[in-house]
Every structure is written in C-alpha cells, then in structure tokens.
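Okay, structure first, notes after.
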Number of protein chains: 4
Amino acid sequence: MKQDDPLQRLKTIEGHLRGVIRMLEEDAYCIDVIRQIQAVEAALNKVSGLILEQHLNSCVITAVKGEDPAERQRVLKEILEVFETAAKV
Amino acid sequence: MKQDDPLQRLKTIEGHLRGVIRMLEEDAYCIDVIRQIQAVEAALNKVSGLILEQHLNSCVITAVKGEDPAERQRVLKEILEVFETAAKV
Amino acid sequence: MKQDDPLQRLKTIEGHLRGVIRMLEEDAYCIDVIRQIQAVEAALNKVSGLILEQHLNSCVITAVKGEDPAERQRVLKEILEVFETAAKV
Amino acid sequence: MKQDDPLQRLKTIEGHLRGVIRMLEEDAYCIDVIRQIQAVEAALNKVSGLILEQHLNSCVITAVKGEDPAERQRVLKEILEVFETAAKV
C-alpha cells in the first residue's frame, strides 16, 4: 500500500470526514469542526495533485503525441479547467 | 431536516466522497475524479460557512460581550485563524 | 514602519506586481510568471488577514457590544462573507 | 488590445491595486478593503489561467512531442506545481 496511492488516501479521508460528522453530532466546538473540515480539504487537494500527476504522465502524453488535434485540445483544455477551479475552491 | 443543517450536509458529502472512491476503484477518467473532488471541496466550504455563521451568532457574541478579555481575544483570534486557513486551502 | 503595516505591505506588493508586468513585457517563461502571480496572491492574503485582525479588534467589538442589533448583525454577516469569499478565491 | 491579453489585464489589476492602497490611506472601511483585495486576487487567478492556456498550447506541446524525456518531465512537473499552489493560494 503506497503512501502516494490516491485510493488509499481517499479512504483515509473518508474516515476523517466520518470523524468530523461525529464531532458535529456530539456538539463539538464550532471552530474545532471548521479546522477539521479545512484539514480534510487540504488532504483532498493533495489527492487531486496525485491524480493530476498520473494523468499528466499518461493520458496527456498520449494525447499530445497523438495524431488527433481535437483530442489534444480537449485534454489540454481539461487541465486548464481543473487549474481554474483549483484556484477558486 | 433543514437545507442549512451542517450535519445533514456533511452526511451528503460523505456519500459524495464514497462515490469518488468508487470512481477511482473503477478506474474512472482522472479528470472526472478531480472534478468530483473539487465539488466535494466546494460543498465542504459551504458547510464551514454555515458553522461559522452559527458560531458568530452565539459563542462570538457571548465572548465579546463577556467580562473576560482573554476569552474575547481567544475567540477573535480563532476567527482570524480559520479565515487565514480558508484563504489557503 | 511596521512589518505588520497593511499599507506598507500593499505598496511592496504593488512593486512586486509591476515586476510581474515587466516579466510579461520581456516575454519571461510562462510558468515563472504564474509563480510570481501566485506569490502576489499569497502576499495579498496575508494583508487581508492583517486588516481583518484590526477589524475584529475594533469595529467588531464595538458593534457586538453596542445596543444596535441590526448593526451587530451587519458586522457579523460581513465577516461571514469575507470568509466565504476567502474560501473561494 | 484583446480582452484576453494577460499583459493588459495585469496593468488593469495594477490600477485596481493602487485604488486599494488609496482606500487604506484614506481609512476606508476594513471590510471594503478586504473585498477589493479579494477582487484583485480573483482577477489575478484569471490572468494565471490565461497564461497557463498559452503555455499548454505552445511550450507543453513542444516539450511533450520533443525527443528529450527530461525536458518533458520538467514541463509536466511545473504544471503540477502551479496546480498544487493554485489549490492553496
């Protein structure tokens, strides 16, 4: 089980999120809950980075080297879109 | 069950996150997974906002009106901290 | 001139931004320009935090302790709004 | 002068930032200043997106199609880095 495995990380984050739900159910202090939600978000960002890394090193190389200009444009546009959303979320 | 109930929203987000885990397990397209992770983060931001709203309208008012300057400082400092983290996550 | 003076920091950031403009004018490498823009944003976040800190320790205390419930609500709502925007920008 | 010209946009943002400096000098309301800083950041994000778009459609295609695996790795790694920073700033 690799440290860098996105699936394993997401499962850990799911456990983290269940912990946050339990905090809310037990009326934990608001700020502590917000801090844990922010920690979950930071962990999700890390996973997105790992998945993007895999994507760049596989699909993106294939599409850019490929013969289909429309497919190449599509793949590059998707990267731009997730970047723009990342800058906002 | 209110639309604005943070607990209910977090449970919905947990279901969303489980869906993302399933996508990864079924080798969904990388960019689609990243988009769903970003959607989960946007939903978590919304929950943080709702919890902060409750906090401002209860604990913060109590602490600021209260007689204990150290407690007031603590509560205001916490708000600053979650703001600074929000600007980063 | 204090390290924590938002005005001084903003002036420094303005100089930083002028440097980024110069980079673009001189056709600097795209990624280097993006990195500098991200550095400017991180510096702006820091200034927002400093201004919010001053605001919490002055206007917010005054409004929350004050006799006007509408004014108190307005001030607390504003904090929520800048938090929500911070979580997005 | 194109709407999508990053240089022109950055110059407009510089004017915006000078306006924010003037607000601080004239003791504008804290929250209004923070809102303007957040607007500057949103505009900077937009510029980063435009520059990344140009970069993907030029350097990235060249590097990925090129014969140098180290150069290709470097270019893909840079995209990952600006994505990860974007998710944080």
Side-chain angles (χ1 to χ4, degrees), chain C residues 5-60 74-75 77-79 81-89, chain D residues 5-60 74-75 77-79 81-89:
Chain C
D5 180 14
L7 179 58
Q8 192 48 45
R9 279 180 181 257
L10 274 191
K11 287 180 178 173
T12 305
I13 293 170
E14 194 202 348
H16 194 165
L17 185 57
R18 267 200 304 270
V20 182
I21 290 173
R22 214 151 37 231
M23 287 174 76
L24 262 191
E25 285 172 339
E26 294 166 0
D27 271 323
Y29 184 53
C30 300
I31 295 290
D32 291 339
V33 177
I34 293 173
R35 281 179 182 142
Q36 289 309 312
I37 290 176
Q38 292 177 329
V40 166
E41 291 184 70
L44 287 171
N45 277 339
K46 184 69 195 157
V47 174
S48 292
L50 290 171
I51 295 175
L52 182 60
E53 187 175 15
Q54 296 176 350
H55 182 62
L56 288 167
N57 287 306
S58 53
C59 309
V60 174
R74 195 184 58 76
V75 163
K77 195 159 183 293
E78 284 172 345
I79 291 172
E81 285 166 2
V82 296
F83 172 82
E84 288 178 338
T85 304
K88 272 184 216 133
V89 181
Chain D
D5 180 14
L7 180 57
Q8 193 48 45
R9 279 180 183 256
L10 274 191
K11 286 180 180 174
T12 305
I13 294 169
E14 194 203 346
H16 195 165
L17 186 57
R18 267 200 303 271
V20 182
I21 290 173
R22 213 151 38 232
M23 285 175 77
L24 261 191
E25 285 171 341
E26 293 165 1
D27 271 324
Y29 184 53
C30 299
I31 293 291
D32 291 337
V33 177
I34 293 174
R35 281 177 183 145
Q36 290 309 313
I37 290 176
Q38 291 177 330
V40 166
E41 290 184 71
L44 287 170
N45 277 338
K46 183 70 194 154
V47 174
S48 292
L50 290 171
I51 296 175
L52 182 60
E53 189 175 16
Q54 297 178 350
H55 182 63
L56 289 167
N57 286 306
S58 53
C59 310
V60 174
R74 196 185 57 76
V75 163
K77 194 159 184 294
E78 284 172 348
I79 291 172
E81 285 165 3
V82 296
F83 172 83
E84 288 178 337
T85 304
K88 274 185 215 131
V89 180

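Letters A, B, ... are given to chains in the order of the sequence lines, protein chains preceding strands, and every chain is numbered from 1.
Taking CD1 of I31(C) as the reference point, atom CZ of R74(D) lies at 9.0 Å (rounded to 0.5 Å). Interatomic distance, Q36(C) CD to L10(D) CG, rounded to the nearest 0.5 Å: 12.0 Å. Distance CZ/R9(C) to CG/L24(D): 12.5 Å, rounded to 0.5 Å. Here the OG atom belonging to S48(D) is positioned 12.5 Å from the CZ atom belonging to R35(C), to the nearest 0.5 angstrom. Interatomic distance, CG of L17(D) versus NE2 of H16(C), reported as 11.5 Å (0.5 Å rounding).
For a residue to count as touching a neighbouring chain, one of its non-hydrogen atoms must lie under 4.5 Å from one of that chain's; by this rule A86(D) touches chain C with backbone and side chain alike. Both the backbone and the side chain of I21(D) come within contact range of chain C, judged by heavy atoms closer than 4.5 Å.
By number of non-hydrogen pairs under 4.5 angstrom with chain C, the leading residue of K11(D), Q54(D), H55(D) is H55(D).
Shown are N45(D), V82(D), L44(D); of these, the side-chain contact (heavy atoms from CB on, under 4.5 Å) with I37(C) is made only by L44(D).
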Audit row: Q38(C), E81(D), side chain to side chain contact (heavy atoms under 4.5 Å, CB included) steps and yes/no: CA-CA 11 Å; Q38(C) 292 177 329; E81(D) 285 165 3; over 6 Å; no
